[in-house]
A.B. asks: 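Got a structure for you, questions after.
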Amino acid sequence: MALAARTWRYASLALALSAPLLMGVTTSAPSFGDRLLSAQNRERTAVGIEPLQWDASLAGDAQYWADHLAATSQFQHAAGYLRDGAGENLWAGTKGAYSADEMVDAWAREKKDFKPGPLTNDPATLHAIGHYTQIVWRTSYAVGCGIARGRSMDYLVCRYRNAGNVIGQAPY
């Protein structure tokens, strides 16, 4: 009798512990892409702009370019990426040292240099704020990102539809 009661208790405990798995309920950490999207949407929410949606096609294009940058140890925008109406943000940093939030935060910190109003064709200004303004560009509605690890650097590429940073227009 004692053995049967003990077996019943162990079986009940095993069933209780496995119930979430049997019911399809699992907890998992957000994916890297989810964290990139969330970090960018926090910036958009802060200025009252609709959130970006994740776009798998843009992510595929971004991943292709990130892989190229990692393989060649180059850091440059893709030639012709604007032809299809997509904007592009690039980031590179020490391999394995940065989280998704820290990568996006590097772009978002440009907000301190942003002056509201239409963008001018001043290369120094665009260089200082262009990543931030692309994130919060009011007509951008989708983003897809890719990350690749090179020999010593990680390379992040995010593509946006519609492209931002249009001279003569304000981001929001």
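Scope of the values below: all heavy atoms of this structure, side chains included, with no hydrogens, waters or symmetry mates. Count residues from 1 along the sequence.
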A.B. asks: Check the pair Val136, Lys111 against side chain to side chain contact (heavy atoms under 4.5 Å, CB included), reporting the backbone distance first and the verdict last.
C.D. replies: CA-CA 10 Å; Val136 299; Lys111 183 177 185 174; over 6 Å; no
A.B. asks: Residues in side-chain hydrogen bond (donor to acceptor under 3.5 Å, both in side chains) with Asp122, at least two apart?
C.D. replies: Thr125
A.B. asks: Name all pairs fulfilling the disulfide (SG to SG under 2.5 Å) condition that reach into residues 101-137, sequence neighbours left out, sorted by first residue then second.
C.D. replies: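 Qualifying pairs: none.
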A.B. asks: Angle class for the Tyr155/Phe75 ring planes (parallel below 30°, perpendicular above 60°, tilted otherwise)?
C.D. replies: tilted
A.B. asks: Going through the checks in order, is the side chain to side chain contact (heavy atoms under 4.5 Å, CB included) test met by Trp65 and Gln76?
C.D. replies: CA-CA 10 Å; Trp65 191 244; Gln76 62 189 29; 4.2 Å; yes
A.B. asks: If every non-hydrogen atom of His131 is compared with every non-hydrogen atom of Asn89, which pair is closest and at what distance?
C.D. replies: O-ND2, 3.1 Å
A.B. asks: Which atom pair, heavy atoms only, marks the closest approach of Ala62 to Arg159?
C.D. replies: CB-CG, 3.9 Å
A.B. asks: Who pairs with Asp67 by salt bridge (Lys or Arg N to Asp or Glu O under 4.0 Å), at least two apart in sequence or on another chain?
C.D. replies: none
A.B. asks: Under 4.5 Å between side-chain heavy atoms, counting indirect links through other Ile/Leu/Val/Met/Phe/Trp/Tyr residues: same cluster for Tyr160 and Val166 or not?
C.D. replies: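 Yes; tracing contacts between hydrophobic side chains, which count when under 4.5 Å, links both residues.
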A.B. asks: Atom CD of Gln134 and atom CD of Glu43: how far apart are they, to the nearest 0.5 Å?
C.D. replies: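 One gets 13.5 Å once the value is rounded to the nearest 0.5 Å.
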A.B. asks: Write down the atom of Arg151, the atom of Ser73, and the distance for their closest heavy-atom approach.
C.D. replies: NH2-OG, 3.3 Å
A.B. asks: Report all side-chain donor-acceptor pairs from residues 50-61 shorter than 3.5 Å, counting only partners two or more places apart or in another chain.
C.D. replies:
| residue | atom | partner | partner atom | Å |
| --- | --- | --- | --- | --- |
| Asp55 | OD1 | Ser57 | N | 2.9 |
| Asp55 | OD1 | Leu58 | N | 2.8 |

A.B. asks: Considering residues, nucleotides and ligands other than Tyr64, do more than 12 of their heavy atoms fall under 6.0 Å from its OH?
C.D. replies: no
A.B. asks: How would you list, by chain and number, every residue that makes a side-chain hydrogen bond (donor to acceptor under 3.5 Å, both in side chains) with Asp101, sequence neighbours excluded?
C.D. replies: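 Scan of Asp101 (side-chain hydrogen bond (donor to acceptor under 3.5 Å, both in side chains), adjacent residues dropped) gives Arg42.
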A.B. asks: Can Leu90 be reached from Ile147 by stepping across I, L, V, M, F, W or Y side chains whose heavy atoms are under 4.5 Å apart?
C.D. replies: no
A.B. asks: Which pair of heavy atoms, one from Gln40 and one from Cys145, lies closest together, and at what distance?
C.D. replies: NE2-SG, 3.9 Å
A.B. asks: At their closest point, which heavy atom of Glu88 faces which heavy atom of Ala78, and how far apart are they?
C.D. replies: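 In this case the closest contact between Glu88 and Ala78 is OE1-N, 3.1 Å.
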A.B. asks: Determine, for Asp154 against Lys95, whether the closest basic-nitrogen to carboxylate-oxygen distance falls under 4.0 angstrom.
C.D. replies: no
A.B. asks: For residues Ser140 and Gly164, report the shortest heavy-atom separation together with the two atoms involved.
C.D. replies: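 The answer is OG-N, 4.2 Å.
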A.B. asks: Start with the C-alpha distance between Trp137 and Asn165, add both sets of side-chain angles, then the distance that settles side chain to side chain contact (heavy atoms under 4.5 Å, CB included), and finish with yes or no.
C.D. replies: CA-CA 7 Å; Trp137 200 261; Asn165 295 330; 4.2 Å; yes
A.B. asks: Output yes when a side-chain donor or acceptor of Arg44 lies under 3.5 Å from a complementary backbone atom of Ile135, and no otherwise.
C.D. replies: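 Yes, the answer is positive, given that a donor and an acceptor are paired below the 3.5 Å cut-off.
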A.B. asks: I need the Ile167 CD1 to Leu126 CG distance, nearest 0.5 Å.
C.D. replies: 4.5 Å
A.B. asks: For residues Met153 and Met103: do they belong to one hydrophobic cluster (side chain heavy atoms under 4.5 Å, members Ile, Leu, Val, Met, Phe, Trp, Tyr)?
C.D. replies: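 Met153 and Met103: separate clusters.
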A.B. asks: Taking the side chain as every heavy atom from C-beta outward, state whether Val143 and Leu36 have any pair of such atoms under 4.5 Å apart.
C.D. replies: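 No - every pair of side-chain heavy atoms lies 4.5 Å or more apart.
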A.B. asks: Roughly how far, to the nearest 0.5 Å, is CG of Asn41 from CD1 of Ile49?
C.D. replies: 10.5 Å
A.B. asks: Kindly say whether His68 contributes a backbone atom to a donor-acceptor pair with the side chain of Thr72 at under 3.5 angstrom?
C.D. replies: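 Side chain of Thr72 to backbone of His68, a donor-acceptor pair under 3.5 Å: yes, one is there.
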A.B. asks: Would you please name every residue forming a salt bridge (Lys or Arg N to Asp or Glu O under 4.0 Å) with Arg109, sequence neighbours left out?
C.D. replies: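 Residues passing salt bridge (Lys or Arg N to Asp or Glu O under 4.0 Å) with Arg109: Asp105.
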A.B. asks: Find out if a path of hydrophobic residues (ILVMFWY) with successive side-chain heavy-atom gaps under 4.5 Å connects Tyr98 to Leu37.
C.D. replies: yes
A.B. asks: Evaluate the side chain to side chain contact (heavy atoms under 4.5 Å, CB included) criterion for residues Trp107 and Leu156: first the C-alpha distance (whole Å), next the side-chain angles of each, then the deciding distance (0.1 Å), finally the verdict.
C.D. replies: CA-CA 12 Å; Trp107 296 333; Leu156 172 66; 3.7 Å; yes
A.B. asks: Hey, quick one: are Phe32 and Trp91 part of the same hydrophobic cluster, counting side-chain heavy atoms closer than 4.5 Å, chains of contacts allowed?
C.D. replies: yes
